[in-house]
2 protein chains.
Amino acid sequence: MNAVTTSTRELAHPTRDEIRLEGVLHALSDPMRLRIVRELAVAESDLSCSYFTLPVTKSTTTHHFRVLRESGVIRQVYRGTAKLNGLRREDLDLLFPGLLDRVLAAAALEADRLGTDG
Amino acid sequence: MNAVTTSTRELAHPTRDEIRLEGVLHALSDPMRLRIVRELAVAESDLSCSYFTLPVTKSTTTHHFRVLRESGVIRQVYRGTAKLNGLRREDLDLLFPGLLDRVLAAAALEADRLGTDG
DNA sequence: CCCGAATTACGATAGGTGTCGTACAATGGC
DNA sequence: GCCATTGTACGACACCTATCGTAATTCGGG
């Protein structure tokens with residue numbers, strides 16, 4: 001009905017200064033999560049969870065998105081029944097300059113090297 | 001038991017092309033291991049395990065060094081009763097250009113931010 | 001040839017984690 | 001109001017992992 005759908009469901013995000021390097025590295029060390037992050041990185045805007053077609057169930061997908069959110073790697077906002085996901089680029093770049101880009105570049109190089117892209 | 005006393009106990013290392021980004025990120029996502037890597041990074045030469053004074057037992061320290069070696073982050077060589085540890089900078093920089101430096105810089109920034117250095 | 005120093009091996013343990021399946025909840029369109 | 005779409009909650013399970021303590025191994029030196 002409303003032109004601007006204001007969702008009431010709130011999601012807990014760590015503030016910028018609560019983000020820990022160890023947590024970010026751990027979040028990125030899982031193949032599924034790294035794949036999600038890579039897709040978010042090349043996306044022009046936020047992507048819904050259903051956009052991703054991962055070789056795991058929806059339950060597991062939900063789990064991975066939560067890990068990414070709670071570690072501060074992504075931001076999640078409800079819009080209707082969907083949940084939009086976006087990288088927290090600014091926060092990450094402020095805390096860990098250049099880190100995300102290097103990880104993404106490394107992931108691209110490795111995917112190319114192994115011939116298995118995600 | 002044997003007669004070969006060339007002090008060459010061999011340790012299994014992954015070859016460069018066996019190193020995986022996920023494994024490296026996972027290895028670096030542990031506080032103890034990140035601390036070890038940071039110390040190795042500023043060292044002029046290889047360091048023995050006993051050089052490090054970590055708040056864990058020697059058994060646990062051995063475990064962490066093994067994780068770092070098996071993930072390809074460090075190289076370990078026996079010399080007498082000691083075991084010398086060094087970063088595999090060249091291999092890592094070839095595989096993942098700039099990644100290690102950014103992680104180290106991020107770790108330094110975070111340590112400064114949190115006021116808790118290692 | 002024994003001793004001490006450095007490190008490992010082994011077993012144990014508590015907690016984390018990736019995965020699944022099924023049942024449940026929120027939302028927007030009809 | 002109903003229902004399809006989207007995602008969550010919860011329980012379960014196998015596996016991994018960080019940690020410890022103690023016993024064992026390797027090596028150089030006396």
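Each chain gets a letter, A, B and so on, in the order its sequence line appears, and its residues count up from 1.
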Nearest-Å distance for atom pair [atom1]/[atom2], residues [X] and [N]:
X       : N      : atom1 : atom2 : result
A/Glu22 : C/dT17 : CD    : P     : 14 Å
A/Asp30 : C/dG16 : CG    : C1'   : 14 Å
A/Tyr78 : D/dT5  : OH    : P     : 19 Å
A/Ile36 : C/dG18 : CD1   : P     : 11 Å
B/Phe52 : C/dA6  : CZ    : P     : 15 Å
B/Leu11 : C/dT7  : CG    : P     : 12 Å
A/Asp46 : D/dT6  : CG    : C1'   : 17 Å
A/Met32 : C/dC20 : CE    : P     : 9 Å

query = Taking the nucleotide of DNA chain D with the closest heavy atom to each, which residue, A/Arg66 or A/Thr81, is nearer the 5' end?
reply =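 Whichever sits nearer the 5' end wins; that is A/Thr81.
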message = Let's test your reading of the model: under 3.5 Å, does the base of C/dT7 pair with the side chain of B/Ser59 as donor and acceptor?
response =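 No such pair is found, so the answer is no.
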ask   = Given C/dC20, is OP1 or OP2 found less than 4.0 Å from the side-chain N or O atoms of A/Thr60?
value =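 For C/dC20, OP1/OP2 do have a side-chain N/O of A/Thr60 under 4.0 Å.
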ask   = Within less than 4.0 Å of OP1 or OP2 of C/dA6, is there a side-chain N or O belonging to B/Arg79?
value =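 Answer is no, no contact under 4.0 Å.
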key: B/Arg33 side chain reached by B/His63 side chain, heavy atoms, under 4.5 Å   = yes
request  = Check whether any side-chain heavy atom of A/Val103 lies under 4.5 Å from a side-chain heavy atom of B/Leu99, and answer yes or no.
outcome  = yes
key: Nearest heavy-atom neighbours spanning B/Ile19 and B/Ser71   = CG2-O, 3.6 Å
Out of [options], which nucleotide sits closest to the side chain of [X]?
X       : options                : answer
B/Lys58 : D/dT8, C/dT7, D/dA9    : C/dT7
B/Thr57 : D/dC20, D/dA18, C/dG18 : D/dC20
B/His63 : D/dG7, C/dA6, D/dT19   : D/dT19
A/Val56 : D/dG21, C/dT19, D/dG7  : C/dT19

task = Look at all strands and tell whether A/Ser48 reaches a base, only sugar-phosphate, or nothing, counting heavy atoms closer than 4.0 Å.
result =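 The answer is sugar-phosphate, as A/Ser48 gets under 4.0 Å only of primed atoms, P, OP1 or OP2.
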task = Give one of base, sugar-phosphate or nothing for B/Thr62, where a contact means two heavy atoms less than 4.0 Å apart.
result = base
query = Between A/Arg33 and B/Cys49, which has a closest nucleotide on DNA chain C that is more 5'?
reply =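 Of the two residues, B/Cys49 wins.
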message = Strictly below 4.0 Å, N to O, side chains only: are A/Asp101 and B/Arg102 in salt-bridge contact?
response =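 B/Arg102 and A/Asp101: not salt-bridged.
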note = One should read off an interatomic distance between A/Arg38 CZ and A/Leu104 CG, to the nearest 0.5 angstrom, of 8.0 Å
